[in-house]
Amino acid sequence: MWEYTEKVKDHFLNPRNVGVIENADGVGEVGSLACGDALKLTLKVDGDKRISDAKFQTFGCASAIASSSALTEMIKGITIDEAEKITNNDIAEYLGGLPKEKMHCSVMGRDALEKAIANYRGEPEKEVDGEIVCECFGVTDHEIQRAIKENNLKTIEDVTDYVKAGGGCESCHDKIQEIIESVSGTPATDRPRPSGMTNIQKIRLIEETLEREIKPELKKDGGGIEFVDFADNTVFVELRGTCSTCSASQVTLKHYVETRIKELVSPELVVEEVKQ
Amino acid sequence: MKTIYVDNNATTRVAPEVREVMLPYLGEFYGNPSSMHSFGGNVAHKIEEARTKLASLINASPDEIVFTSCGTESDSTAIHAAISSVPDKKHIITSRVEHPAVKNLFEYLSKKGYRVTFVPVNRKGILDLDYLYNNLTDDTAIVSIMWANNETGMIFPIEEISEAIKKKGIVFHTDAVQAVGKMPIDVGNSEIDMLSISGHKIHAPKGIGALYVRKGTRFSPFLIGGHQESGRRGGTENVAYIIGLGKASELAANHMDEMTNHVGKLRDKLEDELLKRIPNAMINGDRENRLLNTTSISFEYVEGESILLMMNELGICASSGSACTSGSLEPSHVLRAMGVPFTAAHGSIRFSLGIYNTEEEIDFIIEKLPPIIENLRNMSPFWK
């Protein structure tokens with residue numbers, strides 16, 4: 001069970017300012033159902049740029065709801081310029097602290113606030129800021145760099161706790177490690193997994209790659225592919241549908257499937273067909 | 001506040017009858033069962049009585065039972081015994097929905113050079129038997145498949161699987177921690193080589209388990225030491241707990257009808273009423289072939305930890321397969337293996353009932369849960 005402070009419990013069980021402001025002056029939406037938490041923040045701003053009202057809707061765990069509720073209380077009555085200075089740590093501190101694994105809930109609050117302020121100022125919706133590093137949770141290098149700097153993060157686990165990056169298939173761990181090293185300026189000495197992925201991680205990523213990338217492509221031609229097994233860096237697959245009878249299937253297998261697997265999972269992999 | 005405990009797949013309350021038979025062995029009868037004097041010897045008799053009771057619960061012979069410290073030790077012992085009996089074989093098979101006691105051991109073994117096949121399940125949680133059978137090779141050292149799943153209650157056809165594996169001459173182990181005590185188990189009518197049991201799932205205390213090892217199965221101890229347990233597990237016996245497990249086994253055998261007539265009916269009522277009263281809710285797993293006490297229900301557009309903590313305020317104790325409850329960022333591996341959409345997996349709640357639950361308790365949950373879900377949905381940006 002999580003150790004939540006009384007203040008977190010209070011804001012979870014008695015959330016303040018739930019709802020949506022009609023004709024809001026600023027709207028910020030972050031997260032998604034798939035990610036497991038999401039927040040929609042709406043603001044009413046009066047003539048002297050003061051936030052006169054703030055409301056939230058949140059899908060997520062107790063600390064996500066509490067962080068959202070706390071955020072609305074913190075920003076009501078202050079000016080936009082003051083609100084802009086609020087950091088994720090301020091939100092966590094307001095609640096008397098959050099479990100380390102739940103810090104991403106405070107980051108979500110800060111992100112929604114930032115978006116709502118940008119929306120109020122009429123700034124265009126930002127394109128994806130930077131390059132996506134963590135595909136599972138859609139986290140960019142810029143977001144990771146910022147979390148590392150603002151919270152003085154040291155390890156991949158820290159980064160996962162704060163921005164979720166690396167908490168899914170784990171294939172981006174090397175990349176996150178590089179970012180940590182580049183921000184801190186010194187290569188970490190205790191790099192946890194210098195040799196790359198374990199077999200299990202590879203299998204998970206292979207399955208995902210087949211599902212997300214390869215199957216939809218083959219399907220366009222009435223074909224299909226199933227993951228059968230993995231051993232000694234060889235991915236065994238079974239071809240289905242038109243692929244199983246197509247004379248060009250070996251070309252598909254080597255030139256398309258294997259290339260994609262090498263590219264998206266690991267360059268040393270080869271793909272072989274298993275005939276049942 | 002009254003506690004309404006519907007988390008019996010996590011652990012169960014120690015039956016008062018169990019506690020009672022244990023107490024003298026934490027008091028005046030402290031002898032060592034290995035001693036030559038009758039003060040110790042009498043204790044040894046009680047251990048053998050417990051062994052007989054546990055054996056009879058699963059229709060085994062008493063000398064096929066090895067007492068361990070927990071289900072995890074039983075699993076580790078079985079799997080290590082199997083692979084070390086055939087050191088040249090480097091392929092092992094399990095399912096994608098095992099308890100961490102087996103899953104993490106297989107992942108560990110994969111790092112040690114074993115090739116691991118994880119057998120998938122379908123959307124209903126049913127095991128892909130063809131996949132399992134097609135992957136058996138001459139190099140396969142062990143197949144370990146759980147009897148019933150802790151999260152969904154799905155029961156796998158273990159007797160049938162054990163016969164198919166036996167024909168190939170491969171060792172078959174089943175983690176039956178969730179099945180024993182909740183459904184009839186008859187190892188005599190199967191080709192199971194080893195089967196794991198946990199005490200605290202059947203109203204014995206935490207800290208006691210057992211492993212069934214079929215006569216003739218090649219075995220080597222995991223804990224190497226004295227001659228206890230016929231040389232199959234070193235270490236002085238956990239006397240009081242073994243006696244407790246014996247009593248719990250006897251109670252479980254007597255409670256089998258109650259499981260069907262009482263627990264099964266309460267589970268069905270809970271499930272039916274919640275589905276009726278709460279829109280966008282669904283059962284995870286096939287409603288057939290399931291443990292009578294378990295239901296995993298997903299409530300879309302809300303998150304499991306929030307539901308659990310709101311129920312906690314009312315004294316209701318349950319579990320969730322959501323990401324947030326585990327400290328990981330992804331929902332349970334069982335629900336993901338079944339292909340339950342993330343939107344539903346994040347809002348999954350497991351209720352696991354037991355013989356001590358009453359209809360009043362179930363009615364209380366049926367009354368209190370719908371407003372909790374409604375309240376959280378009204379807070380959710382995805383709920384219209």
Side-chain angles (χ1 to χ4, degrees), chain A residues 1-2 4 9 12-13 15 18-20 29-41 56-65 68-69 99-102 104-105 134 136-137 160-161 164-169 198-201 203-204 207 211 226-232 238 274 276, chain B residues 90-91 96 103-104 106-118 120 130-131 134-135 137 139 300-310 312-313 317 320 322-331 333 336-337 339 341-347 375-383:
Chain A
M1 197 167 176
W2 298 111
Y4 285 133
K9 284 183 204 161
F12 165 61
L13 294 170
V18 176
V20 182
E29 285 183 87
V30 290
S32 74
L33 265 175
C35 289
D37 46 24
L39 165 56
K40 180 178 182 179
L41 179 70
F56 79 91
Q57 281 186 318
T58 290
F59 159 77
C61 56
S63 52
I65 291 170
S68 310
S69 169
K100 189 168 153 289
E101 296 85 348
K102 296 286 190 178
H104 59 85
C105 296
C134 168
C136 296
F137 293 101
T160 306
D161 289 340
K164 292 190 166 191
C169 72
T198 65
N199 272 348
I200 301 291
Q201 287 164 342
I203 290 169
R204 280 167 75 176
E207 286 183 315
E211 286 299 324
E226 290 299 328
F227 176 62
V228 175
D229 205 350
F230 177 71
D232 303 330
E238 198 183 314
V274 183
Q276 294 290 330
Chain B
K90 294 291 176 200
H91 175 226
R96 284 185 63 186
K103 176 178 169 274
N104 290 352
F106 272 67
E107 286 175 4
Y108 167 83
L109 290 170
S110 90
K111 288 179 195 153
K112 297 281 167 191
Y114 280 86
R115 184 167 71 85
V116 181
T117 298
F118 289 97
D130 290 336
Y131 190 96
N134 289 336
N135 276 282
T137 69
D139 193 38
E300 287 186 295
Y301 308 109
V302 285
E303 199 281 325
E305 184 200 285
S306 291
I307 305 171
L308 286 186
L309 292 181
M310 292 233 168
N312 184 54
E313 289 298 305
C317 311
S320 171
S322 93
C324 284
T325 54
S326 62
S328 95
L329 291 172
E330 293 191 325
H333 70 284
R336 275 186 294 142
F342 271 32
T343 52
H346 282 299
N375 180 9
L376 287 169
R377 279 180 176 167
N378 286 336
M379 237 185 266
S380 166
F382 302 112
W383 182 248

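These numbers come from the heavy atoms of this one structure, side chains and all, not from hydrogens, waters or symmetry mates. Every chain is numbered from 1, with letters handed out A, B, ... down the list of sequences. All values derive from a computational prediction rather than experimental measurement.
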Point to revise | Portion of Tyr131(B) that has a non-hydrogen atom of chain A nearer than 4.5 angstrom | key: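 The answer is the side chain of Tyr131(B).
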Got a second to check how far [X]'s [atom1] is from [Y]'s [atom2], nearest 0.5 Å?
X	Y	atom1	atom2	result
Glu313(B)	Lys9(A)	CD	NZ	8.0 Å
Ser306(B)	Leu13(A)	OG	CG	9.5 Å
Met310(B)	Ile65(A)	CE	CD1	6.0 Å
Arg377(B)	Phe59(A)	CZ	CZ	10.5 Å
Thr58(A)	Glu303(B)	OG1	CD	11.5 Å

Review point. Got a sec: does the NZ of Lys100(A) have more than 12 other heavy atoms crowding it under 6.0 Å?
Key: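 Count over threshold, so yes.
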Check your understanding: What heavy-atom pair brings Gln57(A) and Asn378(B) nearest, and what distance separates the two atoms?
Key ->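 Residues Gln57(A) and Asn378(B), closest heavy atoms: NE2-O, 4.1 Å.
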Review point. Taking all atoms of both residues into account, what is the closest heavy-atom pair of Lys40(A) and Pro381(B), and its distance?
Key: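 Reported closest heavy-atom pair: CB-CB, 4.1 Å.
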Point to revise | Validation row: Met379(B), Pro15(A) side chains within 4.5 angstrom (heavy atoms) | key: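 Side chain of Met379(B) against side chain of Pro15(A), heavy atoms only: contact under 4.5 Å found.
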Check your understanding: Which answer fits Ser63(A), side chain, backbone, both or neither, if we ask what part of it has an atom under 4.5 Å from a heavy atom of chain B?
Key ->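 Just the backbone, heavy atoms under 4.5 Å.
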**Study point:** Engaged part of Glu29(A) at the chain B interface, taking heavy atoms whose separation is under 4.5 Å
**Key:**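 Neither part.
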Review point. Does any N or O in the side chain of Glu305(B) come within less than 3.5 Å of the main-chain N or O of Ala62(A), such that one atom is a donor and the other an acceptor?
Key: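 Confirmed, Glu305(B) side chain pairs with Ala62(A) backbone.
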